[in-house]
Amino acid sequence: MVNFISIALAAGTFFGLTMAIPATHIRPTGVVHQIVAGINNTLRFVPDNVIAAKGDMIEVIFFPKNHTITQSSFDKPCEPLKGGVSSGFNFATMNQTAPNVFTFVVENTEPFWFYCSQPVGDHCKKGMSGVINEKAHSGKTLAKYKEIASSRNVTNQPSKNPTKSKGGWIVPRFPL
Ligand SMILES: *[C@@H]1O[C@H](CO)[C@@H](O)[C@H](O)[C@H]1NC(C)=O
Ligand SMILES: *[C@@H]1O[C@H](CO)[C@@H](O)[C@H](O)[C@H]1NC(C)=O
Ligand SMILES: *[C@@H]1O[C@H](CO)[C@@H](O)[C@H](O)[C@H]1NC(C)=O
Ligand SMILES: [Cu+2]
C-alpha cells in the first residue's frame, strides 16, 4: 500500500495531472475496490453499492464516453457536495477504457453518495449514481436516491474548470 501511494504520487506528478491530495491521516488497509463507469455503453456504475472500510481505496475505471464520479449528499442527488470528492471530466474516451483512473480514500464508514456529473444526456437522472456504505435501515437507500435523482437535472458542477478534480488522485490505469 505504501508502495502504491508512492507510485501514484510519483506518476501523478510526472504526468503533471490535476490532482488534489486529501489531507488524510488514515491508515491504508491495502484494500482497493474497483468501480467501473459506463461499461457496455450503459449509464451505470458497476457495482453501484459498495461496502468499504475506513482506509480502503476506491478506484474508478472509466469506459466511453465522458463520465465523472462526483460526491453529493443523499438529499440533493445530482448536485455536488460542498468540499466533496470529484474526479472532474478527465476520462473522456471513445472506444476503450480511459488511460487514467480516479482513486480516493474511504475516510469513514458514513454513506458516501456519488453520481456522474455529465449534463449532456442526463446521466445522473438516468441512474448513473451509487453509494459506498449505504445504511439501508435509515431509509436512505440507493433505490430512493435514484428515485429522487430521476427528477433532477445536473445544473451545477463542482468547479468552473471542468477538469478540476478534488479529494483523490488521477493515476495511470494498471495494468496499462
Ligand atoms: C458487458 O457486455 C459483455 C458482453 O456482452 C457481458 O459479458 C458483460 O457481462 C457485460 N458487463 C456488464 C457489467 O454488464
Ligand atoms: C466532457 O463533458 C464535459 C461536460 O459536458 C465537457 O465540458 C467536456 O468538454 C467533455 N470532454 C470531452 C473531451 O468531450
Ligand atoms: C472507434 O471505433 C470505431 C469503430 O470500430 C472506429 O471507426 C473509430 O475510428 C474508433 N475511434 C477511435 C477514436 O479510436
Ligand atoms: Cu456519465
Side-chain angles (χ1 to χ4, degrees), residues 1-22 28-53 55-72 77-78 80 84-107 112-134 142 145-146 149 154 157-159 161-176:
M1 205 55 218
V2 169
N3 283 342
F4 175 79
I5 299 238
S6 308
I7 290 165
L9 288 174
T13 308
F14 181 74
F15 291 107
L17 298 168
T18 311
M19 48 183 239
I21 300 170
T29 59
V31 174
V32 179
H33 304 266
Q34 291 185 324
I35 297 177
V36 300
I39 193 168
N40 291 348
N41 287 310
T42 58
L43 297 181
R44 286 284 180 278
F45 290 100
V46 180
D48 62 2
N49 196 333
V50 175
I51 304 295
D56 288 0
M57 285 196 82
I58 306 291
E59 175 178 287
V60 187
I61 299 165
F62 291 89
F63 283 74
K65 295 178 178 159
N66 184 4
H67 307 288
T68 74
I69 182 166
T70 304
Q71 187 178 5
S72 78
C78 315
V85 172
S86 183
S87 66
F89 290 98
N90 293 295
F91 308 91
T93 175
M94 289 316 285
N95 284 358
Q96 51 197 357
T97 48
N100 294 323
V101 300
F102 185 71
T103 69
F104 59 96
V105 176
V106 176
E107 297 192 354
F112 179 107
W113 300 95
F114 62 87
Y115 67 101
C116 173
S117 193
Q118 179 56 267
V120 181
D122 294 324
H123 292 201
C124 182
K125 194 179 208 168
K126 289 180 181 158
M128 194 160 192
S129 55
V131 64
I132 302 162
N133 296 325
E134 176 193 50
L142 180 58
Y145 181 99
K146 290 197 191 218
V154 170
Q157 297 292 340
S159 168
N161 174 359
T163 61
K164 170 110 165 129
S165 75
K166 297 190 304 171
W169 297 273
I170 296 170
V171 296
R173 181 166 45 83
F174 181 83
L176 293 173

Please name the pair of heavy atoms, one in [X] and one in [Y], separated by the smallest distance, quoted to 0.1 Å.
| X | Y | result |
| --- | --- | --- |
| Ser165 | Asn90 | CB-ND2, 4.2 Å |
| Ile69 | Phe102 | CG2-CD2, 3.8 Å |
| Thr97 | Ile61 | CG2-CG2, 3.9 Å |
| Ala37 | Val60 | CB-CG1, 4.3 Å |

Show me the donor-acceptor pairs, under 3.5 Å and distance only, between side chains in residues 118-127 and residues at least two apart or in other chains.
{"from": "Gln118", "atom 1": "OE1", "to": "Val120", "atom 2": "N", "distance (Å)": "3.2"}
{"from": "Gln118", "atom 1": "NE2", "to": "Asn66", "atom 2": "O", "distance (Å)": "3.0"}
{"from": "His123", "atom 1": "ND1", "to": "His67", "atom 2": "ND1", "distance (Å)": "3.1"}
{"from": "His123", "atom 1": "NE2", "to": "Val120", "atom 2": "O", "distance (Å)": "3.4"}
{"from": "Lys125", "atom 1": "NZ", "to": "Asn153", "atom 2": "OD1", "distance (Å)": "2.8"}
{"from": "Lys126", "atom 1": "NZ", "to": "Gly121", "atom 2": "O", "distance (Å)": "3.0"}

Donor-acceptor contact present, side-chain Arg173 to main-chain Ala98, <3.5 Å: yes
Measure from the side-chain N and O atoms of Thr68 to the backbone N and O of Ser117, and report whether any donor-acceptor pair falls under 3.5 Å. yes
Using side-chain heavy atoms (C-beta onward) and a distance below 4.5 Å, is Val106 in contact with Phe112? no
Does Lys166 reach the side chain of Pro158, with side-chain heavy atoms less than 4.5 Å apart? yes
Less than 6.0 Å separating the ring centroids of Phe104 and Phe114? no
Distance check, rounded to the nearest 0.5 Å: [X] atom [atom1] versus [Y] atom [atom2]?
| X | Y | atom1 | atom2 | answer |
| --- | --- | --- | --- | --- |
| Ile132 | Leu142 | CD1 | CG | 11.5 Å |
| Met128 | Cys116 | CE | SG | 4.5 Å |
| Phe91 | Thr163 | CZ | OG1 | 10.0 Å |
| Ile35 | Arg44 | CD1 | CZ | 14.5 Å |

With sequence neighbours left out, what residues match [X] under side-chain hydrogen bond (donor to acceptor under 3.5 Å, both in side chains)?
| X | value |
| --- | --- |
| Asp56 | Thr29, His33 |
| Ser72 | Tyr145 |
| Ser87 | none |

Sequence-distant partners of Lys146, salt bridge (Lys or Arg N to Asp or Glu O under 4.0 Å), two or more places apart: Asp48
Taking only residues two or more places apart in sequence or in another chain, which ones pass ring-ring contact (aromatic ring centres under 6.0 Å, His included) with Tyr115? none
What verdict does the side chain to side chain contact (heavy atoms under 4.5 Å, CB included) test give for Trp169 and Val105, after you've listed the backbone C-alpha separation in whole Å, the side-chain angles of each residue and the deciding distance to 0.1 Å? CA-CA 9 Å; Trp169 297 273; Val105 176; 3.7 Å; yes
In sequence, state the C-alpha distance, the side-chain angles, and the governing distance for Asn100 and Phe62, and then conclude on side chain to side chain contact (heavy atoms under 4.5 Å, CB included). CA-CA 8 Å; Asn100 294 323; Phe62 291 89; over 6 Å; no
